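What follows is a set of notes on a single structure, which appears directly below.
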Amino acid sequence: MCSKLCYAIGGAPNQVAGSAASFFLQIYLLDIAHITPFHASLVLFIGKASGAVTDPVAGFFISKSRWTKIGRLMPWVLACTPFTIVSYFFMWYLPPFVSGRVAWYLTFHCLFQALTTIIPFSGMTMEVLGTLIGAALQGQIVASAHVSPHCTVNPSVNTTDPWQDSASIPDPSDPLSHQAKVYMIAAGVIAGVYLLGIVVLFLGVKERDDPYALNSDRAIPFCKGLALTMKHGPYVKLTASFLLISTAVQLEQGNFVLFCTHAAGLRNHFQYLVVTILVSAVLSVPFWQKFLQRFGKKCAACGISWMIPFAVMLVTIPNLILAYFVAFISGLSIAASLLLPWSMLPDVVDNFRLQNPHGKGHETIFYSSYVFFTKMSAGIGLGISAAGLEFAGYKPGICRQSDNVILTLKLLIGAVPAILILLGLFILLFYPITEESRKETKLALEELRKILPSSNLSTSVNS
């Protein structure tokens, strides 16, 4: 239990930093760094793509590494952590020059996304908790950079429209340095969380080899293993489904603060709405775990669709109380979307393990390729959404955006995620692993484990 807890804490910084970037990086690039939406789309997409490409490449090199006294993965983690912390901090730093800011943020975002592929996944519960901590820390620290006092009231704005923010003219007395400073403070705090997590991981976790593998087993070659992975039906269906669902969640997270600031008149409440979403997600984790055990994982996937009607309500009904209720319900769906893929992937890996009992090292291929597809799809989604804001006429740094921008933000929060989620759930209907087959696979693997101590011959499995 202590080892599992340390592993969860060690992997949590990835979720903390990733959550902060998901909710706030786009609005930081647009309203603080004053990068155009097109260039912001390049930073977001290429950064995600670099992480997606690096993940299977890192998995390949790690699988080829030799075991050391501290394991196979741990040397990589320790070597990459300092560079991860530095790249994360400079990703939120506002350089004094203007012409090279796009290259600056593109470089450090790519480095950060690539280096985080080395940090292990923290587990389902800690992923949700880490997401909460990251968004809460970032939101509370940087809230003062986006609230209404940084703008003056424009008398020409129709304040009877509940979706119009009365603040619409930038206040020249509010220096940009203050806004940039609070983002750097948040980055420094989360960088400290990274350091603490890695220390706990190193002190509390010891790596072990595959417990199901026979002594005579050999690792599956990477290219052969990747080909087998792409031919494994349950994996293909699961990946395609959550590729769409995770893209929808990324769109919600990436555009939520922009939506609250510019389209919903909730500039002074966005940090509390973000915390409401994530507190709801954390509190619902025990519920979803019980639900999974009693009704099955495919049935629990229906909970992801709960956010659809409430997201539509949020963009159509301008009511603060309703906004908090919608945030709470959305948190339930987001928790399900975070928990389910990492709960179902081990079932796919076990199913593959049973069909290929004499190979080992395939887990790295499964997880790294899954992360590749989800990161790539999320990068494409965020890139397209930012490019859509460019097309709609988004103006960085101003307090009142055009009606076309407001409409675009509403679509990115409501209609587009709804369509992606429904498509993902439709594909999941064809996912073949049921609770019964999962239990049968588990029993078969337990029998395989019992055989290992008595024989090193591969024929013992067939017997």
Side-chain angles (χ1 to χ4, degrees), residues 1-18 50-88 111-123 126-127 130 191-226 229 342 345-346 349-350 352-353 356-372 448-449 452-453 456 458:
M1 182 59 67
C2 179
S3 180
K4 289 181 179 180
L5 181 61
C6 291
Y7 182 81
I9 295 173
N14 258 5
Q15 277 70 52
V16 173
S50 68
V53 172
T54 304
D55 205 282
V57 174
F60 171 78
F61 284 107
I62 292 172
S63 65
K64 294 296 182 181
S65 301
R66 295 182 178 181
W67 279 86
T68 66
K69 292 182 179 180
I70 59 174
R72 174 184 288 166
L73 176 62
M74 190 64 72
W76 289 82
V77 173
L78 296 179
C80 291
T81 296
F83 300 100
T84 305
I85 293 174
V86 171
S87 63
Y88 182 79
L111 283 174
F112 172 71
Q113 291 290 343
L115 291 169
T116 53
T117 61
I118 307 298
I119 309 297
F121 170 68
S122 61
M126 206 61 182
E127 178 182 15
V193 173
Y194 252 109
L195 187 60
L196 176 63
I198 297 304
V199 170
V200 173
L201 180 71
F202 175 73
L203 296 177
V205 178
K206 303 299 180 184
E207 288 186 66
R208 297 178 181 178
D209 205 353
D210 185 356
Y212 292 112
L214 300 172
N215 291 342
S216 59
D217 287 347
R218 295 181 179 179
I220 301 176
F222 183 82
C223 294
K224 180 182 178 181
L226 185 61
T229 298
W342 297 107
L345 260 178
V349 173
D350 289 345
F352 181 86
R353 182 74 177 102
N356 300 271
H358 300 294
K360 66 177 182 178
H362 54 278
E363 295 90 347
T364 301
I365 300 172
F366 270 101
Y367 287 99
S368 61
S369 57
Y370 173 78
V371 172
F372 168 81
L448 179 63
R449 173 180 282 179
L452 295 184
N456 291 331
S458 61

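No hydrogens, no waters, no symmetry mates; every other heavy atom, side chains included, goes into these values. Computed from a predicted model, the values in this text were never measured in an experiment.
Considering every non-hydrogen atom in both Gly197 and Pro13, the closest pair reads CA-CG, 4.0 Å.
Ser3 contributes atom OG, which lies 9.0 Å from atom CG of Leu201 (distance to the nearest 0.5 angstrom). Of the inter-residue distances, the one linking Thr54 atom OG1 with Leu115 atom CG reads 8.0 Å to the nearest 0.5 angstrom.
Aromatic ring pairs are classed by plane angle as parallel below 30°, tilted from 30° to 60° and perpendicular above 60°; the pair Phe366 and Phe352 is perpendicular.
Looking only at side-chain heavy atoms (C-beta outward), Ile198 and Thr84 stay at 4.5 Å or farther from each other. Using a 4.5 Å cut-off on side-chain heavy atoms (C-beta onward), Ile70 and Phe202 make contact. Contact of the Tyr194 side chain with the Asn14 side chain is registered, since non-hydrogen atoms from C-beta on lie closer than 4.5 Å.
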